[in-house]
Amino acid sequence: MRLSFSDPRKPPNGAVVNGGAPLAQEPLTPANQDITQADAELQEYLSLKTRLHRALIQKLNLPTVEHMPAEQLRQEVDRLIGDILAEEGLPLSSKEKVLLTDDLMDELRGFGPLEPLLRDPTVSDILANTYREVYVERAGVIELTNVRFADNEHLLRVIERIVDRVGRRVDESQPMVDARLPDGSRVNAVVQPIALDGPLLSIRKFSKIPFNLDRLVEIGSVAPSGANLMAGMVKARLNILISGGTGTGKTTLMNALSHFIGASERVVTIEDAAELQLQQRHVARLETRPPNIEGRGEVTQRHLVKNALRMRPDRIILGEVRAGEAFDMLQAMNTGHDGSITTVHANSPRDALSRIEQMIGMAGIDLPTKSMRAQIASAINAVIQIKRFPDGTRRVVSIQEIDGMEGDIITMQEIFRFEQTGVDASGKVLGRFVLTGVRPNFLRTFEALGIPIPAEMKLA
């Protein structure tokens with residue numbers, strides 16, 4: 001009896017199942033022809049791969065697998081596959097055997113069916129909704145792929161492998177976890193009982209080549225005038241808050257801005273899952289730690305911000321403020337650590353300040369509203385708002401200077417914005433970047449430090 005299956009990495013619509021070439025741009029739809037046959041072939045292949053994987057685990061000395069040279073391991077896997085298939089009476093063609101060996105290598109040393117997606121440079125996000133469906137995002141557009149796991153246990157094993165490598169855990173007692181891959185990609189996983197239908201996995205891939213402002217200008221995320229303005233703000237050591245929704249590119253923009261931090265400055269970065277790609281040499285990186293199985297040993301962002309102040313930083317870069325660490329970050333900004341940068345989830349610059357205000361309350365500090373807002377106005381010099389549009393594009397939509405206080409209200413003035421003018425026939429958002437004509441107060445700092453002022457902002 002001969003097992004027959006088509007290349008599992010090239011289903012009818014061209015999407016990747018496990019390994020091989022990048023996925024096709026066309027998402028899988030119920031209208032595809034021969035979908036039932038393709039699913040049957042895929043299930044047959046996954047069943048075979050699962051049986052072989054279990055057999056390999058029994059035959060291989062697993063503690064040595066991680067340290068074995070890849071070529072040596074491949075030869076061993078190839079030999080064992082041949083033996084196992086011969087025992088089961090399932091001869092394969094040489095091409096099918098190569099595909100099977102590739103996939104089993106991914107299972108043994110990598111992250112199984114996710115490996116081809118992680119290698120695909122066009123994929124920015126990977127989203128597994130239980131073992132049945134895996135989506136990816138390309139150029140801001142989410143599409144369904146033909147990648148599948150054998151079952152929820154298979155997906156859970158991959159999640160456990162990811163979190164084990166960074167010393168974290170995920171189980172019923174701790175069903176949510178943030179982690180990172182060896183290349184820096186950010187991972188979030190949710191398992192049962194919180195995830196009702198099975199494990200959920202989200203991966204924000206780490207860009208191999210960090211974006212800089214020139215690249216952001218090139219792809220239309222900001223105009224040259226806005227890019228020059230933001231570069232000057234970093235050089236002038238303004239304290240900057242980057243605001244935006246999920247997936248808008250806040251970390252990407254922070255990485256781009258970090259290029260303008262002086263090489264001689266000592267920078268301390270604080271993150272839940274390390275993903276910043278600062279180019280400076282003098283960078284001290286700190287990462288939070290969750291509690292252990294006994295509920296001890298947790299290190300929060302607030303702990304790290306307090307500790308960072310004892311590390312003689314010139315600037316503190318906080319990946320994202322989420323809770324009480326906002327108060328400590330403001331204290332740092334107000335006590336000589338100018339040029340610090342952080343991000344916050346918010347839909348407008350005004351909302352961003354309101355979120356910071358709420359987070360100060362989460363620190364257990366009982367401050368009058370006016371005093372709280374005075375702290376914010378004194379610490380933060382500018383807010384940069386970034387937005388993701390329906391067509392998948394991400395743009396800097398506003399740069400605002402915090403001007404001070406007027407009564408109990410923090411006053412702001414908008415310097416730069418994106419004005420949407422419409423949507424074309426293909427759904428692409430149309431618009432233009434404009435300088436508002438407001439001359440910000442920090443231009444005096446630009447002039448004093450010899451920082452170039454955007455030509456459009458110079459006085460006649």
Side-chain angles (χ1 to χ4, degrees), residues 5 8-9 11 15-20 23 27-30 35-36 38-58 60 62 65 99-100 102-120 123 125-137 142-181 185-205 273 290 293:
F5 57 83
R9 296 180 288 188
V16 170
V17 171
N18 189 18
L23 293 129
L28 179 66
T29 66
I35 192 69
T36 303
D39 278 349
E41 289 179 349
L42 175 56
Q43 195 55 48
E44 185 179 18
Y45 176 77
L46 289 174
S47 176
L48 170 64
K49 191 177 75 171
T50 300
R51 295 202 315 275
L52 288 172
H53 185 231
R54 287 172 180 162
L56 284 171
I57 288 175
Q58 291 176 353
L60 286 169
L62 289 182
V65 165
L99 293 174
L100 198 51
D102 288 344
D103 288 351
L104 287 168
M105 285 288 291
D106 287 342
E107 293 289 348
L108 290 169
R109 292 284 284 268
F111 302 115
L114 299 179
E115 283 294 329
L117 303 181
L118 292 169
R119 290 192 292 262
D120 184 349
V123 172
D125 285 83
I126 302 170
L127 310 166
N129 295 347
T130 75
Y131 75 96
R132 295 184 181 88
E133 295 181 337
V134 178
Y135 292 82
V136 295
E137 179 183 306
I142 294 178
E143 58 191 52
L144 180 62
T145 74
N146 268 16
V147 172
R148 298 290 185 276
F149 290 84
D151 49 36
N152 278 332
E153 287 70 25
H154 184 196
L155 174 55
L156 185 58
R157 284 198 303 273
V158 171
I159 291 172
E160 288 172 342
R161 181 176 296 175
I162 291 171
V163 302
D164 283 348
R165 292 186 179 183
V166 291
R168 304 201 173 187
R169 64 187 180 89
V170 61
D171 51 37
E172 287 189 4
S173 65
Q174 189 168 317
M176 298 179 290
V177 66
D178 288 313
R180 68 179 187 277
L181 297 179
S185 297
R186 186 171 61 190
V187 178
N188 175 266
V190 185
V191 303
Q192 292 172 312
I194 302 299
L196 298 180
D197 301 317
L200 305 173
L201 178 67
S202 306
I203 299 176
R204 172 70 53 80
K205 284 179 62 180
I293 196 167

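Not measured: the values here are computed from a predicted model.
- Ile203 contributes atom CD1, which lies 9.5 Å from atom CG of Asp125 (distance to the nearest 0.5 angstrom).
- By the 4.5 Å heavy-atom criterion applied to side chains, Glu143 and Val136 are counted as neighbours.
- Of all heavy-atom pairs spanning Leu196 and Gln192, the tightest one is O-NE2, 3.5 Å.
- Distance check, rounded to the nearest 0.5 Å: CG of Asp197 to CD of Glu133 gives 10.5 Å.
- Annotation for Arg169 and Asp171: closest pair NH1-OD2, 3.0 Å, computed over non-hydrogen atoms.
- For the residue pair Asn152 and Gly198, the shortest heavy atom distance occurs at ND2-CA, 3.7 Å.
- Of all heavy-atom pairs between Pro116 and Gly112, the closest is CD-O, 4.1 Å.
- With sequence neighbours excluded, no residue satisfies salt bridge (charged side-chain N to carboxylate O under 4.0 Å, His left out) with Glu160.
- At a threshold of 4.5 Å between non-hydrogen side-chain atoms, the residues Leu127 and Val134 do not count as touching.
- Counting heavy atoms from C-beta on, the side chains of Val187 and Arg180 never come closer than 4.5 Å.
- Put simply, OG on Ser202 and CG on Asp178 are 10.0 Å apart, with the number rounded to the nearest 0.5 Å.
- A 4.5 Å side-chain heavy-atom check between Leu114 and Phe149 finds at least one atom pair inside the cut-off.
- Residues Gln174 and Pro290 approach most closely at NE2-CB, 4.0 Å, considering heavy atoms.
- Across every non-hydrogen atom of Ile194 and Pro175, the tightest pair is CG1-CG, 3.2 Å.
- Glu172 is listed as a side-chain neighbour of Pro193, based on a closest heavy-atom distance under 4.5 Å.
- Between atom CG of residue Asp120 and atom NZ of residue Lys205 there is a gap of 5.5 Å, rounded to the nearest 0.5 Å.
- Between Glu115 and Arg119 a salt bridge is recorded (basic side-chain N to carboxylate O distance below 4.0 Å).
- With values rounded to the nearest 0.5 angstrom, Leu117 atom CG is found 14.0 Å from Tyr135 atom OH.
- Tyr131 OH to Leu155 CG: the interatomic distance, rounded to the nearest 0.5 Å, is 11.0 Å.
- Residues satisfying the salt bridge (charged side-chain N to carboxylate O under 4.0 Å, His left out) criterion with Arg132, sequence neighbours excluded, are absent altogether.
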